[in-house]
Amino acid sequence: MRLVTQSDLNVTELPGIWHCRYWFPSNTHDGEDVSEYYVRIDQTADGFTLHSLPNRLKAYLQAHFTVESNLATGMWLENTSPTGEFGGMIYSGVFQLIIAEDAKSLHGRWVGIGRETDGSGAHIYEGRWEIDYAGAAEADVPAL
């Protein structure tokens with residue numbers, strides 16, 4: 001049986017540093033905002049883990065995912081900047097990303113629970129998520 005993506009890709013590693021961006025509905029204007037991290041992706045016994053590199057905002061992103069052919073499916077958790085708009089809140093959710101045939105980029109969608117700024121309670125949000133290869137080592141990428 002084959003996945004709907006119909007790919008024969010067999011991803012066994014995703015080495016190096018990656019530029020991770022996801023978009024979410026803005027609380028301050030019409031449209032979207034973007035969060036960015038540089039991350040390392042490591043293989044584990046049951047899939048892959050993604051961990052953000054240290055950044056000036058002191059925010060942190062981590063994820064665990066499995067790969068079947070060219071489809072990455074997993075869970076994410078973000079600890080937002082303690083001094084930013086979201087005041088150190090912890091958000092979590094799930095995602096599916098399609099891995100490019102050259103295994104140098106992943107793109108897809110995330111979903112997670114957030115809070116409404118008007119006090120009306122929790123809401124389910126979703127958005128785009130892209131991860132692109134940035135270089136072999138931390139020295140290859142600019143600081144965020």
Side-chain angles (χ1 to χ4, degrees), residues 1-117 122-144:
M1 183 163 63
R2 292 180 64 187
L3 290 175
V4 69
T5 61
Q6 296 293 307
S7 173
D8 293 322
L9 191 65
N10 182 22
V11 176
T12 59
E13 62 180 1
L14 295 164
I17 305 300
W18 299 75
H19 184 212
C20 178
R21 295 172 298 173
Y22 72 88
W23 288 261
F24 57 94
S26 176
N27 289 327
T28 60
H29 59 84
D30 287 339
E32 298 176 310
D33 286 326
V34 63
S35 281
E36 295 183 76
Y37 292 91
Y38 283 102
V39 302
R40 179 177 304 284
I41 300 174
D42 297 309
Q43 188 173 13
T44 65
D46 62 345
F48 294 88
T49 58
L50 175 153
H51 293 278
S52 61
L53 301 178
N55 56 69
R56 64 178 169 73
L57 299 175
K58 296 184 175 33
Y60 186 76
L61 177 68
Q62 66 183 22
H64 180 266
F65 61 96
T66 58
V67 172
E68 180 70 32
S69 184
N70 69 336
L71 184 63
T73 302
M75 301 178 302
W76 60 269
L77 181 134
E78 181 182 27
N79 191 350
T80 64
S81 172
T83 59
E85 176 183 354
F86 300 101
M89 293 288 294
I90 296 174
Y91 295 94
S92 63
V94 296
F95 64 89
Q96 280 197 310
L97 305 172
I98 296 171
I99 304 169
E101 290 300 315
D102 65 0
K104 296 293 184 189
S105 66
L106 299 85
H107 69 277
R109 307 290 287 182
W110 64 269
V111 65
I113 302 292
R115 61 182 166 82
E116 291 293 320
T117 56
H123 183 77
I124 297 173
Y125 291 95
E126 57 87 21
R128 295 180 292 146
W129 193 349
E130 296 176 0
I131 303 173
D132 297 300
Y133 182 74
E138 289 182 42
D140 295 335
V141 299
L144 281 179

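The chain is numbered in sequence order, starting from 1.
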Nearest heavy atoms of [X] and [Y], plus distance in Å:
{"X": "Ile113", "Y": "Ala122", "result": "CG2-CB, 3.9 Å"}
{"X": "Gln43", "Y": "Phe48", "result": "CA-CD2, 3.8 Å"}
{"X": "Phe86", "Y": "Asn27", "result": "CE2-ND2, 3.2 Å"}
{"X": "Trp76", "Y": "Val111", "result": "NE1-O, 3.4 Å"}

Are [X] and [Y] close enough that some pair of their side-chain heavy atoms sits under 4.5 Å apart?
{"X": "Leu50", "Y": "Ile131", "result": "yes"}
{"X": "Leu61", "Y": "Cys20", "result": "yes"}
{"X": "Glu68", "Y": "Thr73", "result": "no"}
{"X": "Thr44", "Y": "His64", "result": "yes"}
{"X": "Leu71", "Y": "Gln96", "result": "yes"}
{"X": "Thr66", "Y": "Asp46", "result": "no"}
{"X": "Tyr125", "Y": "Pro25", "result": "yes"}
{"X": "Pro82", "Y": "Lys58", "result": "yes"}

Short side-chain donor-acceptor distance under 3.5 Å, [Y] and [X]:
{"X": "Glu32", "Y": "Ser26", "result": "no"}
{"X": "Tyr37", "Y": "His19", "result": "no"}
{"X": "Tyr22", "Y": "Glu78", "result": "yes"}
{"X": "His107", "Y": "Asp132", "result": "no"}
{"X": "Ser7", "Y": "Glu101", "result": "yes"}

Counting only N and O atoms by type, is there a donor-acceptor contact under 3.5 Å from the side chain of Ser92 to the main-chain atoms of Leu77?
no

Do Trp110 side-chain atoms and Phe24 backbone N/O form a donor-acceptor pair below 3.5 Å?
no

Atom CE of Met89 with >12 non-hydrogen neighbours under 6.0 angstrom
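Above 12, so yes.
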
From CA spacing to verdict: salt bridge (Lys or Arg N to Asp or Glu O under 4.0 Å), Arg109, Glu126:
CA-CA 7 Å; Arg109 307 290 287 182; Glu126 57 87 21; 2.3 Å; yes

What's the verdict on side chain to side chain contact (heavy atoms under 4.5 Å, CB included) for Leu57 and Thr83, showing C-alpha distance, side-chain angles and the deciding distance?
CA-CA 7 Å; Leu57 299 175; Thr83 59; 5.6 Å; no

To the nearest 0.5 Å, tell me how far [X] [atom1] sits from [Y] [atom2].
{"X": "Tyr38", "Y": "Trp18", "atom1": "OH", "atom2": "CH2", "value": "13.5 Å"}
{"X": "Leu106", "Y": "Phe65", "atom1": "CG", "atom2": "CZ", "value": "6.5 Å"}
{"X": "Thr49", "Y": "Asp42", "atom1": "OG1", "atom2": "CG", "value": "4.5 Å"}
{"X": "Leu14", "Y": "Lys104", "atom1": "CG", "atom2": "NZ", "value": "9.0 Å"}
{"X": "Ser35", "Y": "Arg21", "atom1": "OG", "atom2": "CZ", "value": "12.0 Å"}
{"X": "Ser52", "Y": "Arg40", "atom1": "OG", "atom2": "CZ", "value": "11.5 Å"}

When you look at Val39 and Leu53, which way does the side chain to side chain contact (heavy atoms under 4.5 Å, CB included) test go after all the steps?
CA-CA 5 Å; Val39 302; Leu53 301 178; 5.8 Å; no

Passes side chain to side chain contact (heavy atoms under 4.5 Å, CB included), Thr80 versus Glu85? Steps please.
CA-CA 9 Å; Thr80 64; Glu85 176 183 354; over 6 Å; no

Pair Trp129 + Phe95: ring centers closer than 6.0 Å:
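Yes, the ring centres sit under 6.0 Å apart.
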
